[in-house]
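Remember, predicted model here, so these are calculated numbers, not experimental data.
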Amino acid sequence: MPEPEATGTERNTASPDTIPDSPPPTGGLSPKSVAAWVLVALIGAIGWGVLALSRGEEISAAWLLAAALGSYAIGYRFYARFISDRVLKVDKTRATPAERLDNGVDFHPTDRRVLFGHHFAAVAGAGPLVGPVLAAQMGYLPGTIWIVAGVIFAGAVQDMVTLFFSTRRDGRSLGQMARDEIGPVGGAAALIAVFAIMVILLAVLALVIVNALAHSPWGVFSIGMTIPIALFMGVYLRVLRPGRVTEVSVIGVALLLLAIVAGGWVAESSFASTFTLEKETLVVWMIVYGFIASVLPVWMLLAPRDYLSTFMKVGTIALMAVGVVLAMPTLKMPAVTDFAARGDGPVFAGSMFPFVFITIACGALSGFHSLVSSGTTPKMIQKETQVRVIGYGAMLTESFVAVMAIIAACIIEPGLFFAVNSPAGVIGTSVETASQAVTHFGFAISPEALAQAAKDVEETSLLSRTGGAPTFALGMSQIFSSVIGGAGMKAFWYHFAIMFEALFILTTVDAGTRVGRFMLQDTLGNVHKSFKDISWKPGVWLASAVVVGGWGYFLWVGVKDPLGGINQLFPLFGIANQLLAAVALAVCTTLLIKSGRLRWAWVTGVPLAWDVAVTLTASYQKIFSDDVKVGFFAQRDKYQTGIDAGKVLPPAKNMDEMHTVVTNATVDGALSALFALLIIIVLLDAARTCFKAISDPSSVRLSEVPWTGSKIVAPAGLIPTAEERAELAAAGLDSGGGRTKEPVA
């Protein structure tokens, strides 16, 4: 059956009514390159072999590192290039929305290095740090396999393809693309689902920050100082010294390091009480910051702040990798624990399938990324050819963060891991009861060892420090102190890691709020045309207020939840995030088919099928399971029965908290059911649209904007090739690229 062809929407200078068919780069690999890539493949294969064939003995975490890095390199060099050149057929002569619609507020051509930093910082939030740590209760092998295989064949593919199609549509949001390309029914369901899910995701990300910064003057001061530093960088790059990316990077990093060191001074000074904030106060400041970051011009705060954060994020993770190679810590956690088969783990309940794949979202496959890929980034990208390095490359970088998180969780003693990550209702509140409970799990640790672990990092207790962040900090402190400073530096590295995680996550909240504003304006634009102009001030302020009000409500609820906000919201976060990925992959698959790429539809269709199987299974269990540890409504019934009998069930301390648990469990269950129903509607309508496009190609209509020639010359990757350097030199431009007087040939 012939493939459907696009009708009058994709065009080039040679033939305005045909699909651009730019040939892939010519020339094969040299013998030297072949040898190098064979060596990379062998390193990765040996790493996987060691991990898979170990039978109870402790192995070095360096093998896990080798397996991941070898796989990433092969995936980026070959699979990502295949998708970019063969499937998407990126066109360097085509102007992007940033070039055509540049207004200096939301649309602005941005140096690919700065944009890579923004995109990575925006997508790499709590997920790659928290999810892998929690999933480590199943062992290091299931999570590692999903992180690496998931990102290469699903997560990075989703990010890159979504970015490409949004760029071709003036940076439209995922929900609006669904409405335009799938149809009014599926599109309406997608708009509602995407926005509602977005609110939940932002609330959970913000909750992790609040938990990490509460009563931490060091963290609050250091994180707060990144805002004026970013504002200075934005003005410096835009007004004082335009285009001086390297120069402002050096200044920004120096100021960031000073802020981190100064945070320690503040924590020991009389100003400590000023920066020691309660959770409720932090919630208010988070909402205020989210609103301001959403309405300011993108060049002023968002892009430079995310770029600045990326230095610390990537730098710290790279140093961790070097530390793993130098210290060669062993993986203490078994490859697969008994909890994987029984499904009764103390960290989270549920079987390995589907809950490992739900718990580990960011780092493998994350629907949130599709919102950034159809939000801020397509409005800032200089060239279509950069979708590979920014979409696929940034996601691989985030996946590497997830790998380091699972290493951090698995190199500490399993007994300590379960004492830190199990709720107080399971292990009690003393080191004695915790030791007994953990021994019952099958991992012995003495009360003295638990007390000493807390003393080593200058904490009063590490028991029930759920949420993943403290465990990651423990692992990081163990790696760094093994290389620099010894045991005496453990406390410093632990608190540095806590601050690092807060910075990591906050950049996602500000970018996510802005993306949520774009989504809401797109949706309201279907009712009132003024909202279609995403820079229209009344629309900007109204949409921003609604978005921060939505996630602010769930953040406040999470802070007040007696069962712990993370314990209640993270399962909903995982399911919602993966259901959002299903929407993105369904839209991408539909667009591949409608734009004449039917033979390549498997690129997004296969990960879509897997994601749907996982998420709908998990949704079903969270809604209908009779196990109170799994099912939201089962949990609701348990506490409602207690209320009816006049009993207070732990960990609730009074009837008000009992009612709070009932309300939150009911809301979580209802939202899970609503999300699943909306996604099913989207999938059915997408299938109808695809079938129609295949059976009647002449009916295909795309919402893609017409081709316009580009006058920007810029490299496709972070490092220009020899050909690109020559092109830049001929245009009189430096490595950052820029506009020329004539269209790109």
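At least one side-chain heavy atom of Gln578 sits under 4.5 Å from a side-chain heavy atom of Ile358. Counting heavy atoms from C-beta on, the side chains of Ile381 and Thr110 never come closer than 4.5 Å. Put simply, the side chain of Met395 does not reach to within 4.5 Å of the side chain of Met160, judged on heavy atoms. With contacts defined as side-chain heavy-atom distances shorter than 4.5 Å, the pair Pro715/Arg112 qualifies. Taking the side chain as every heavy atom from C-beta outward, Leu579 and Ile575 approach each other to under 4.5 Å. In this structure the side chain of Thr376 reaches within 4.5 angstrom of the side chain of Phe518, judged on heavy atoms. The shortest distance between side-chain heavy atoms of Leu88 and Trp600 does not fall below 4.5 Å. Proximity of Pro128 to Cys362: side-chain heavy atoms (C-beta onward) are separated by under 4.5 Å at one or more points.
Taking each heavy atom of Asp159 and Gly391 in turn, the nearest pair found is CB-O, 3.6 Å. Taking both residues in full, the closest heavy atoms of Ser399 and Val151 are given as OG-CG1, 3.4 Å, listed atom of the first, atom of the second, then distance. The nearest pair of heavy atoms linking Leu51 to Leu64 is CD1-CA, 3.8 Å. For the pair Lys383 and Ile712, the tightest heavy-atom approach, listed with the atom from each and the gap, is NZ-O, 2.8 Å. Shown here for Val700 and Ala693, the closest heavy-atom pair between the two residues is CG2-CB, 3.8 Å. Residues Cys690 and Ile593 share a closest heavy-atom pair of SG-CD1, 3.6 Å.
A donor-acceptor pair is defined here as one N or O able to donate and one able to accept, closer than 3.5 Å; such a pair exists between the side chain of Gln137 and the backbone of Phe348. The backbone N or O of Thr397 sits nowhere less than 3.5 Å from a side-chain atom of Tyr72 that would complete a donor-acceptor pair. Panel note: side chain Lys379, backbone Gly171; a donor-acceptor pair is recorded below 3.5 Å. In this structure, the side chain of Ser672 engages the main chain of Asp668 through a donor-acceptor pair within 3.5 Å. At distances below 3.5 Å, not a single donor-acceptor pair connects side-chain atoms of Arg597 with backbone N or O atoms of Lys594. With hydrogens and angles disregarded, no donor-acceptor distance shorter than 3.5 Å links the side chain of Ser373 to the backbone of Leu163. In this structure, the side chain of Lys622 engages the main chain of Val630 through a donor-acceptor pair within 3.5 Å.
Rounding to the nearest 0.5 Å places CZ of Phe165 at 8.0 Å from OG1 of Thr604. Distance check: His369 NE2 to Ser374 OG gives 12.5 Å after rounding to the nearest 0.5 Å. Here OG of Ser173 is found 10.5 Å from CE of Met198. Values are rounded to the nearest 0.5 Å. The distance from the CG atom of Leu608 to the CD atom of Gln158 is 10.5 Å, given to the nearest 0.5 Å. Note that the CG atom of Leu101 and the CZ atom of Phe107 stand 5.0 Å from one another [nearest 0.5 Å]. Distance check, rounded to the nearest 0.5 Å: CG of Asp685 to CZ of Arg179 gives 12.0 Å.
Trp37 meets the ring-ring contact (aromatic ring centres under 6.0 Å, His included) test with Phe78; sequence neighbours excluded. With sequence neighbours excluded, the residues that form a ring-ring contact (aromatic ring centres under 6.0 Å, His included) with Phe357 are Trp146, Trp610.
Phe164 does not carry Lys89 over the face of its six-membered ring by the limits of under 6.0 Å from the centre and within 45° of the normal. Because its NZ or CZ atom is both nearer than 6.0 Å to the ring centre of Tyr76 and within 45° of the ring axis, Arg388 counts as a cation-pi partner of that residue.
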Let me see the working for Glu99 and Gln382 under side-chain contact (heavy atoms from CB on, under 4.5 Å), right down to the final yes or no. CA-CA 7 Å; Glu99 179 179 356; Gln382 292 172 308; over 6 Å; no
side-chain contact (heavy atoms from CB on, under 4.5 Å) assessment of Met404 paired with Leu65: CA-CA 8 Å; Met404 296 310 300; Leu65 204 61; 3.6 Å; yes
Run Asp180 and Arg172 through salt bridge (Lys or Arg N to Asp or Glu O under 4.0 Å) and show every step you take. CA-CA 10 Å; Asp180 293 341; Arg172 286 179 192 153; 3.3 Å; yes
What verdict does the salt bridge (Lys or Arg N to Asp or Glu O under 4.0 Å) test give for Asp106 and Arg514, after you've listed the backbone C-alpha separation in whole Å, the side-chain angles of each residue and the deciding distance to 0.1 Å? CA-CA 10 Å; Asp106 295 310; Arg514 196 179 195 92; 2.9 Å; yes
Kindly indicate, with the supporting measurements, whether the criterion side-chain contact (heavy atoms from CB on, under 4.5 Å) is fulfilled by Leu371 and Phe195. CA-CA 10 Å; Leu371 303 182; Phe195 183 74; over 6 Å; no
Is there a side-chain contact (heavy atoms from CB on, under 4.5 Å) between Phe368 and Leu202 once you walk through the steps? CA-CA 9 Å; Phe368 176 79; Leu202 289 174; 4.3 Å; yes
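At a cut-off of 3.5 Å, with distance as the only test, no side-chain donor of Trp602 or Thr589 sits close to an acceptor on the other residue. In summary, the side chains of Ser366 and Asn577 do present a donor paired with an acceptor at a separation below 3.5 Å, with no hydrogens or angles considered. Checking Thr93 against Ser710 by side-chain atom types alone, no donor-acceptor pair falls below 3.5 Å.
Counting non-hydrogen atoms of neighbouring residues, nucleotides and ligands closer than 6.0 angstrom, the CD1 atom of Ile719 reaches no more than 12 such neighbours. Counting heavy atoms of neighbouring residues, nucleotides and ligands inside a 6.0 Å radius, atom CZ of Phe82 exceeds 12 of them. Heavy atoms from other residues, nucleotides or ligands lying under 6.0 Å from CZ of Phe353 number more than 12.
Arg100 has a carboxylate O that lies under 4.0 Å from a charged side-chain N of Asp170, or vice versa, which qualifies the two as a salt bridge. A salt bridge is defined here as a Lys NZ or Arg NE, NH1 or NH2 lying under 4.0 Å from an Asp or Glu carboxylate O, and Arg169 with Glu181 meets this definition. With respect to Asp85 and Arg81, a salt bridge is recorded, a charged nitrogen being found less than 4.0 Å from a carboxylate O. Between Glu704 and Arg94 a salt bridge is recorded (basic side-chain N to carboxylate O distance below 4.0 Å).
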Please tabulate, for the side chains in residues 580-588, all donor-acceptor contacts under 3.5 angstrom to protein atoms that are two or more places apart in sequence or on a different chain.
none

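Remark: aromatic rings of Phe153 and Tyr79 are close, center separation under 6.0 Å.
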